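Read through the structure below, which is laid out as structure tokens, and then see the notes.
Model, not experiment: these values are computed from the prediction.
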Amino acid sequence: MDFDHWYDAILNFIKSQAANGLTVANGCCGAAALFYCGNHEPAVSAALIFAAVLFDRYDGKLARRLKTESALGKQLDSLCDLLSFGAAPAMLIHTALFCLYGIPGMLAAMFYMLCGMIRLARFNISKQDGFFYGLPIPVAGLCVTAGFFAVPYVTHFWLFVWMVLLSVLMVAPFKLKKYEKGALQILQCAFFIIRRFVPFFFLSQAGKIRGTFS
């Protein structure tokens, strides 16, 4: 009886915390992305942000499937999103480009993070009525990370404009239906590409990652 009791208790704990585990993995990717920016390895940081997107994609789905949605999970998700899609992309683009422009570059990165904070705070107190209000921060984070790959090919002025535009869209008073067919297809296509890009990118950066620990 004791064994069955402990077995059920452990199983229930794993079930109740599985979705939160994915959320924490999202946050860990964001934290690691910040550390790699500090080590001047922005390419590895970008790969970690892409990985965070995958964890963020499936934590909510898993919570709904297991019927383990909770207020704690919602708050944890927002904090991890701020780290992975607010702080990490801002630090990434600042390390790769904006640091060359001194205070204006720092202010542009800070403005993005501030808008991300406001977006998430507003999300946490809003009713879940099937709509996104403003651009979701994971989408904004992906777009900023995509801008990192465009640094060698695009005039720097337009990357500043891109950053400010994404920041404003996060707090803009428009709403987007969550499960609009066209939008859903676009997101599914984006996640399809990311699922196949991230493993190869990590393999290409494996030598750098190993070198960090050697």
Minimum heavy-atom distance between [X] and [Y], given as atom pair plus value:
X: G147; Y: L159; result: O-CD2, 3.8 Å
X: A51; Y: C29; result: CB-SG, 4.0 Å
X: F148; Y: A43; result: CZ-N, 4.0 Å
X: M113; Y: G86; result: CG-O, 3.7 Å
X: G105; Y: F160; result: CA-CE2, 3.9 Å
X: C37; Y: S45; result: SG-OG, 3.2 Å

Tell me whether [Y] is reachable from [X] by hopping between hydrophobic residues (I, L, V, M, F, W, Y) whose side-chain heavy atoms are closer than 4.5 Å.
X: Y101; Y: W158; value: yes
X: I118; Y: L79; value: no
X: L107; Y: V144; value: no
X: L166; Y: M117; value: yes
X: L97; Y: L165; value: yes

Report the distance from atom [atom1] of [X] to atom [atom2] of [Y], rounding to the nearest 0.5 Å.
X: I137; Y: L120; atom1: CD1; atom2: CG; value: 4.5 Å
X: D56; Y: D77; atom1: CG; atom2: CG; value: 5.5 Å
X: L169; Y: R119; atom1: CG; atom2: CZ; value: 11.0 Å
X: F98; Y: M163; atom1: CZ; atom2: CE; value: 5.0 Å
X: F50; Y: L142; atom1: CZ; atom2: CG; value: 6.0 Å
X: L100; Y: H94; atom1: CG; atom2: NE2; value: 9.0 Å

Sub-3.5 Å donor-acceptor pair from the side chain of [X] to the main-chain atoms of [Y], do we have one?
X: Y112; Y: P89; answer: no
X: W162; Y: F157; answer: no
X: S84; Y: N26; answer: yes

Exceeds 12 heavy-atom contacts within 6.0 angstrom, atom CE of M110: no
Side chain to side chain, C99 and T95, heavy atoms closer than 4.5 Å: no
4.5 Å side-chain heavy-atom contact, V164 and F111: yes
Set of residues satisfying side-chain hydrogen bond (donor to acceptor under 3.5 Å, both in side chains) with respect to T145, sequence neighbours excluded: none
Whichever hydrophobic residues join L34 through chains of side-chain contacts under 4.5 Å: L83, M91
